[in-house]
Amino acid sequence: MMSSSLPNKNSPLIIVGPCSLESEHLANEVTKWAMDYPQIYLRAALFKPRTHPDSFQGLGLEGLPVMQAMIKAKAKCVTEVLSVEQAEAVWEMAHGLQIGARNMQNFELLKNIGHLFQKKQLQAPSHRRPFVLLKRGFANGLEEWMAAALYLERYGVPSEQIVLCERGSRNTTGGVTLDLGLALQAKYTGRYRVIVDPSHGSKNASLVIPLAKAAMAAGLDGLMIEAHPRPETSLSDAAQTISLEKLSLFLSQYRPLQEISI
Ligand code: PEP
Ligand code: MN
C-alpha cells in the first residue's frame, strides 16, 4: 500500500509545469494538458524566491483557490514553500512540498517542516501525506545535502517521504552545471529517491531534453521539468522553459533503457 502521495518506487516521479502558477488561466491550461498523463505531478508554485524584489513573486496566498481547483480536477500538485506558515497553508492540499536550493540549509525551516509533519501526519490518510522535495543548494556538496535531509528526518518527516532533487551548481562562467555524478552518489546512499531538474540545471531550453534523457538513462528516479504552453511569455525562467508540445513528445517517446547487466 502507498504510504504517501508518491508513486510506487519502481515508477519515475515526473514533476512538470510552469516555473510559477502565473494565473488561473495558465493553471487551467496545464491541468487540462495533464489529464492525458495521470502519473504526472504538476509544478504549482505560488511563492517564488526571486533575486530581484521587482520580479513577479508568485500569486501567493491569494493563489490557494487556484491550486485547490487544480487538485479538484485531479491534478497532483508540488509547490515550493519558503516558510513554515506557507507549508502549513498548503499541507493538506499539496502532494509535494518543495524546499528550494536557496533554503537547503535554512535549518530552522527544515526543523519546522519536520515539526509540522509530526503534528499533521497522523490525522492524514496515508495517500494524502505529502512528500518533501529537497533541492540541492547550488554551492553544496553531498555531505551537506544528506545532512540537510537528515534534519527533515530527525524532526519528523519519514525518510520514505523525502525526495532529493539535483538542480546543478553555479559555475565560473556564470552558468550552471548539472551534476549527475553527485545525484547518483546521493541515490547510492540508498536513503532517498533522487530526481533531476535539467531546467534550473542548465538554464537553457535546448539542453533540457538531452539532460533529462541522460538522467533517466543513468537510473535516477525521476525529473522536474519547466514547461509552459507559451514558454517565451513565462514570467520567470523563460529561457529554460520548454513547450508543452515538446514535453508531450518526450513523454510519449520515453522508454526506460533496457537493463544492462553491469
Ligand atoms: C524552482 O524549482 O522553481 C526553483 C526556484 O528552483 P531552485 O530552488 O532549484 O533554484
Ligand atoms: Mn524556475
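Atoms within each ligand, like the ligands themselves, are counted from 1 in listed order.
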Does ligand 1 have any atom sitting under 4.0 Å from a heavy atom of Arg43?
yes

Could you verify whether a donor N or O on one side chain and an acceptor N or O on the other, from Tyr37 and Ser248, lie under 3.5 Å apart?
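There is such a pair (donor and acceptor under 3.5 Å, judged by atom type) between the side chains of Tyr37 and Ser248.
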
Hey, are Ser169 and Arg136 close enough side-chain-wise for a donor-acceptor pair under 3.5 Å?
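Arg136 vs Ser169: donor-acceptor pair found between side chains.
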
Ligand 1 and Asp197, any nitrogen or oxygen pair closer than 3.5 angstrom?
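Asp197 vs ligand 1: no N/O contact under 3.5 Å.
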
Does any N or O atom in Ala101 lie less than 3.5 angstrom from one in ligand 1, N or O only?
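Among all N and O atoms of Ala101, at least one is under 3.5 Å from an N or O of ligand 1.
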
Asp237 atom OD2 and His200 atom NE2 as seen from the Mn ion (ligand 2), angle to 10 degrees:
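Value, to the nearest 10 degrees: 90°.
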
Angle at the Mn ion (ligand 2) (to 10°), with one arm to OE2 of Glu226 and the other to SG of Cys19:
90°

Residues, nucleotides or ligands: over 12 heavy atoms within 6.0 Å of Lys213 NZ:
no

A student checking ligand 1 against Arg102 at a 4.0 Å heavy-atom cut-off should list atoms 7 (P), 8 (O), 10 (O)

Taking only heavy atoms of Gly100 into account, list the atoms of ligand 1 that are under 4.0 Å away from them.
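Listed by number with element, the hits are 8 (O).
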
Looking at Glu80 and Arg43, is any side-chain nitrogen of the basic one under 4.0 Å from a carboxylate oxygen of the acidic one?
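Looking at Arg43 and Glu80, the cut-off is not met.
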
Search all heavy atoms of Glu166 against all heavy atoms of Leu182 and return the closest pair with its distance.
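Nearest pair, atom of Glu166 first, then Leu182: OE1-CD2, 4.4 Å.
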
Please report the shortest heavy-atom distance between Cys19 and Ser236, naming the atom on each side.
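Here Cys19 and Ser236 meet closest at SG-OG, 3.1 Å.
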
May I ask you to identify the nearest protein heavy atom to [atom], giving residue, atom name and distance to one decimal place in Å?
atom	answer
atom 9 (O) of ligand 1	Arg167 NE, 2.6 Å
atom 5 (C) of ligand 1	Glu80 OE1, 3.7 Å
atom 6 (O) of ligand 1	Lys135 NZ, 2.9 Å
atom 4 (C) of ligand 1	His200 NE2, 3.5 Å

Assess the residue pair Asn28 and His25 against the criterion (side-chain hydrogen bond (donor to acceptor under 3.5 Å, both in side chains)); give the C-alpha distance rounded to whole Å, side-chain angles, the decisive distance to 0.1 Å, and a yes or no.
CA-CA 5 Å; Asn28 289 339; His25 177 65; 5.6 Å; no

Are any side-chain N or O atoms of His95 and backbone N or O atoms of Lys76, one a donor and one an acceptor, separated by less than 3.5 Å?
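No; zero donor-acceptor contacts below 3.5 Å.
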
